[in-house]
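Notes for the one structure printed next.
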Amino acid sequence: MKDHKSGIIFWVLSLVFSTASFANDRLEHFLSLSFEELINLETTIATATKQKLSKVPAVVTVITQQDIKATGATNLADILEGVPGVQIRIDPFGNRPLIHFRGSKATQTLLMVNGTPIKDLMWVFGIFWKGLPVSIIDRIEIIRGPGSAIFGADAFAGVLNIITKTAGKIEDSEVAIRVGSFATKTGWIQHGTTINGFDIGFTAELHDTAGYEPFIVSDGQTKRDQTFNSTASLAPDTVNYGWHGEDIRFSLAKGNWRFQGDYTSHNDLQTGMTGASVFDPLTHASDSRYNIDLLYNNTSFHPDWMLNAKLGYQNLKYSSGPGFQEKPSGYTDNTGTYPDGILNQMRSAERRVAIETSGLFSGINKHAIVVGAGYSWEDLYYVEQWVNSGLGPDGVMLPAGGPLVDISDTAYAFAPEKTRKITHLFLEDIWSISDDWELTAGFRYDDYSDFGPTYNPRLALVWQSSQTLTTKLMVGQAFRAPSYQELFAETSRALPNDQLDAERSLTIDLSFSYTASRNLQLSLNLFNFEQSDIIQAIDIAGLSKKQFNNTGNHTIKGVELEARWQARNNLFFSGNYSIRDQQNDGFRNYQLSDQEAYIRADWGFLPKWNWNIQSNWLNERPRPETDSRPPLDDHFITDTTLRYTEQNWEFAASVRNLFDVDAREYSTGSIEEDLPLPERNFYIEMRYDF
Amino acid sequence: MHLCLLACVPQAVIAAEQNDSDLFKAAFIFNFAKLTSWPVYTWDTPDAALILCTAGKDKLVDELKQLNGKLIKGHPVSIQSLENRPLSENNCHVLLVATSEQPRFKGILKSLPIQPVLTVSELSGFATDGGIIEIFRKNNRTRFLINLDVARHSGLKISSRLLSMATVIGNRETP
C-alpha cells in the first residue's frame with residue numbers, strides 16, 4: 001500500500017524523512033518512494049510548507065532497507081533497538097519481542113503494516129507475536145509520541161508503520177537463504193514484474209528455528225513447591241522457543257487501483273513458559289492471519305483535491321494446540337492432584353472489515369487540509385476452550401485429575417463472542433503562516449460501540465529558526481482502547497470490567513533539529529508524557545480476584561538525543577541516548593530501564609564491502625519495593641555485520657552479541673534470576689538478484 | 001559518544017539551501033524511466049547502462065547528475081551530456097532537453113535516432129511539438145503532459161500508473 005496509504009497516514013508520514021536535511025538523503029528518500037508517494041509528498045510540501053523539508057510536525061525516524069542490511073537485522077525487533085526511546089522486551093511467554101516506547105506498555109504502541117493496524121481484539125499485540133521478517137520490509141516509519149489525532153486507538157506512546165515491498169516497488173527478482181545459530185534456517189524470494197499493464201509484486205519467506213534455549217534455574221512453580229513441599233516444577237531446565245513461520249504477500253497495481261493480499265502464519269510455536277512464568281513444554285501453538293486490501297488513490301481527482309480510499313478485510317486465527325499447560329504434570333492443590341498438569345486449550349478467531357476514505361485539499365492558499373472518515377467492524381466470532389480444572393460448563397468445579405471438558409459457548413469460556421464497531425472522522429490543517437512558521441492543527445473523533453466516543457486533538461508549531469535549526473513544539477492527546485481481555489475476559493489473574501473507559505495521555509514535545517554541517521545532523525527532543533485513567537488490575541472489596549479498572553495517573557518526562565555523522569564518504573556514524581524520569585508510583589514499568597544508548601558505525605573499507613558494528617546499552621533496572629532482589633545489571637549488547645555486494649550476488653555474515661555478554665531481561669520474581677537473553681550467535685546469508 | 005561527535009567534528013560548513021523543486025523534478029524523471037518499458041532488444045545484458053542524455057544546461061540538468069549510478073530495473077543510470085555531439089552518436093534511452101534549448105528543441109527532436117528515446121523537457125509546447133513528456137509547474141507542484149501517440153510510435157510502453165497521474169494528449173503531427 002505504499003502507493004496508496006490509507007488516509008492521512010500517507011501525507012503525514014511521507015514527510016518523515018524531512019528531518020534529515022542532507023541533500024543526498026533527500027534525493028535518496030525521493031528515489032525510494034513510489035511515484036504516487038512522491039507526488040503526494042510534493043503536494044503536501046508545496047501547498048503547506050513552501051518546499052522546505054525539515055518541518056514535519058512530529059518526532060520521526062525512518063529506517064530504510066539499507067539500514068536493515070547494514071546492521072544485519074533479520075527481524076523487525078532487531079532494527080528497532082536502534083531507535084531512541086524504544087526498547088524491545090522479550091516476554092518469557094512465547095519469547096515475544098514486545099515493543100515499548102518511552103517507558104510505556106507495549107499495548108500503548110500502535111503497530112501498522114502498510115497503514116493497517118495489526119493488533120487483535122483479544123490480546124492486542126497478537127498472542128503469538130514474533131515480530132516481522134525483514135525480507136518483506138521496504139522501510140519503517142516511526143513516530144515517537146502520540147498519534148491518536150491521526151491514527152486513532154493505541155497511538156499512545158509511539159507509532160510504527162511498516163511499509164512492505166509491493167507491486168511497482170520490487171524491481172528485480174531475488175532468492176536468498178540465511179542459516180545460523182539455534183538451527184535457524186530462513187529462505188525467501190521476491191519477484192516484481194509487469195504483465196498487461198499490471199504491476200505485480202510477490203514476496204514469500206519461510207523461517208524455521210529451534211530458538212535459543214535459556215537456562216532457567218527456578219520458575220513460577222518452584223516457590224510453590226517449596227511452600228507445599230512438592231516437586232512439580234520442571235526447573236531447572238532449558239526453555240524451548242522453537243517455531244516455524246510463513247509470510248506470503250501478493251500485490252497488483254494498475255492506474256489508480258491497487259490490490260494486496262497478505263498471508264502470515266506461525267506453526268509449531270513453543271511458548272516455552274506460561275504467562276505466570278511456569279515451564280510449559282507441551283504447547284505447540286499456531287496462528288494465521290490474512291489481509292486483503294483494495295486501495296484507490298487519485299492524485300489528480302480535481303485540481304485541488306487528491307483522493308484516497310481503502311477497503312480492507314482481516315482474518316486471524318489462534319490455537320494453543322495441545323497446551324496451554326498452565327501447571328506441570330503432578331501439580332497438586334487443595335482440589336487434588338493433576339497427573340497431566342492443569343490444561344487450558346484455547347482457540348479463537350477474529351475478523352475485521354474496515355473502510356476509510358480521505359482527501360487532501362489544497363485549494364486555499366497556504367493551507368493543506370486533510371479530511372477523512374472511516375468505519376470498522378471487528379468481530380471475535382469464534383471462541384473455543386477446553387479445561388481440566390476450574391469451573392465446568394455447568395458452573396460446577398471440575399474434579400482434579402479428570403478429562404478435558406469443553407466450556408466453549410458457556411459463560412465460563414475465556415471470552416464472549418462479540419462484535420465491536422468503530423466510526424471515525426478526522427480533520428487536519430497544515431497552515432503555513434509565514435516562510436518560517438507553520439501550524440498544524442487536527443483532531444480525530446472515534447466512536448466505539450463498547451466503551452463510547454473519544455476525541456483526540458493535536459497542535460504542532462514548527463519554526464524554521466534559522467537555515468540550520470528547526471524548532472518544533474507539539475501537543476497531542478491520545479487514547480488506548482481497552483482490549484477484550486480487559487473488558488470481557490476472565491483470566492487466571494484478573495476479572496474483566498465492561499465499564500472501562502479508554503486510557504488517555506497528553507504529551508508535550510519540544511524538539512530541535514540542527515544541521516551542524518553538510519555531514520552532521522543533531523537533534524534534541526524533550527517530552528512530558530502524562531497518562532491518565534490507566535487501566536490496571538486492582539483489588540476490589542468483595543471480589544475474589546483483582547479486577548481491571550481505570551485507576552490513576554502517571555507522568556514520564558524524558559530527553560532524547562540523536563546524532564548522524566557522515567565522517568567520510570565511506571564512513572558513517574550514528575547514535576542516540578535517551579533518559580527518562582518517572583515516579584515510583586505503582587504505575588512505573590520496572591521491566592524497562594530509564595536510560596538507553598545506541599551507537600552504530602558503518603565503514604565501506606573497500607568498494608563493494610560494508611562493515612557495521614552497533615552496540616545497544618540498557619541501564620540497570622531497579623526493583624519495585626515488594627521485590628527484594630538487587631537491581632538488574634545494565635548491559636551492552638554488540639553486533640557486527642560484514643556485507644559484500646557483487647553484481648548479482650550479495651553475501652553477509654553477522655555475529656550477534658559479539659562479546660557474549662550475559663544479559664538478562666527483567667522478569668518478575670517467578671524467574672528469580674531473570675530471563676537470560678541469547679548468548680553469542682551467528683548467521684550467514686546469501687542473496688542472488690536476477 | 002555524542003560528546004565526542006560534537007567535539008570531534010571540525011568547524012561546520014553551512015549547507016547551501018537546496019532547490020527542492022529541481023530535486024523533485026529529478027526524482028520525477030527517475031520515475032518516468034522506471035515506469036516506461038523499452039523494447040526487449042534494447043539492452044544486451046541485464047546490467048547494461050540506462051543512458052540518460054542531457055541536451056543544454058540548466059539547474060535541472062545539474063541536479064540530474066546525482067542520478068548517476070542509481071539502478072532502474074537493474075540498469076545503472078549513466079548520465080551523458082550531449083554537448084555538441086549529434087544525438088545519433090549517443091545511445092540515449094532518455095533525453096532531457098534543458099530550458100536553454102528553447103530555440104533548438106524541434107531540431108533536436110527531428111534528429112532523434114531510430115531506437116526509442118523517452119524525451120523529457122520543461123519547455124512549453126514540448127509535448128505538442130513531438131516530445132513525449134513535458135514537465136510543468138502549477139500551484140507550486142510538478143505536473144506533466146504525456147503525448148501518448150509519440151510514445152507509442154517510438155516503441156515505448158508507458159505504465160498505466162504513470163498515465164493515471166499525467167495529462168495525456170494526442171498529437172496529429174506525429175510521424
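Everything numeric here is computed off the predicted structure, so don't read it as measured data. In what follows, chains are A, B, ... by sequence order, proteins preceding strands, each numbered from 1.
With respect to chain A, the highest number of heavy-atom pairs below 4.5 Å among B:Ala26, B:Ser159, B:Ala27, B:Pro46 belongs to B:Ala27.
Atoms CZ and NZ, from A:Phe30 and B:Lys25 in turn, are 13.0 Å apart once rounded to the nearest 0.5 Å. Taken from OG in B:Ser164 to CG in A:Asn297, the straight-line distance is 8.0 Å, to the nearest 0.5 Å.
The heavy-atom pair separating B:Arg161 from A:Ala167 by the smallest distance is NH1-O, 4.3 Å. Considering every non-hydrogen atom in both A:Gly197 and B:Ser160, the closest pair reads O-OG, 3.4 Å.
Contact annotation: the side chain of A:Lys169 never approaches that of B:Lys34 to less than 4.5 Å [non-hydrogen atoms, C-beta and beyond]. With a 4.5 Å cut-off on side-chain heavy atoms, B:Leu67 and A:Leu31 count as touching.
Interface remark: B:Lys157 contributes no atoms to any contact with chain A (heavy atom separation under 4.5 Å). With a threshold of 4.5 angstrom between heavy atoms, B:Leu35 approaches chain A through side-chain atoms but not through N, CA, C or O. Looking at A:Asn648, neither its backbone nor its side chain comes within 4.5 Å of chain B, counting heavy atoms on both sides. Contact annotation for B:Phe28: both backbone and side-chain heavy atoms come within less than 4.5 Å of a heavy atom of chain A.
In terms of the side-chain contact (heavy atoms from CB on, under 4.5 Å) criterion, residue partners of A:Gln595 (sequence neighbours excluded) are, by chain and number, A:Tyr577, A:Ile579, A:Trp617, A:Asn619. Residues that satisfy the side-chain contact (heavy atoms from CB on, under 4.5 Å) test with A:Glu650, not counting sequence neighbours, are A:Lys69, A:Arg643, A:Thr645, A:Arg687.
Shown here is A:Phe301, whose CZ atom has no more than 12 heavy atoms of other residues, nucleotides or ligands within 6.0 Å. Within 6.0 Å of CZ in B:Arg104 there are more than 12 heavy atoms belonging to other residues, nucleotides or ligands. Residue B:Lys73 qualifies as enclosed at atom NZ: its count of foreign heavy atoms under 6.0 Å is above 12.
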> Run the ring-ring contact (aromatic ring centres under 6.0 Å, His included) check on A:Phe35 and B:Phe144 step by step: do they pass?
Replying inline: CA-CA 13 Å; A:Phe35 198 28; B:Phe144 52 98; 5.7 Å; yes
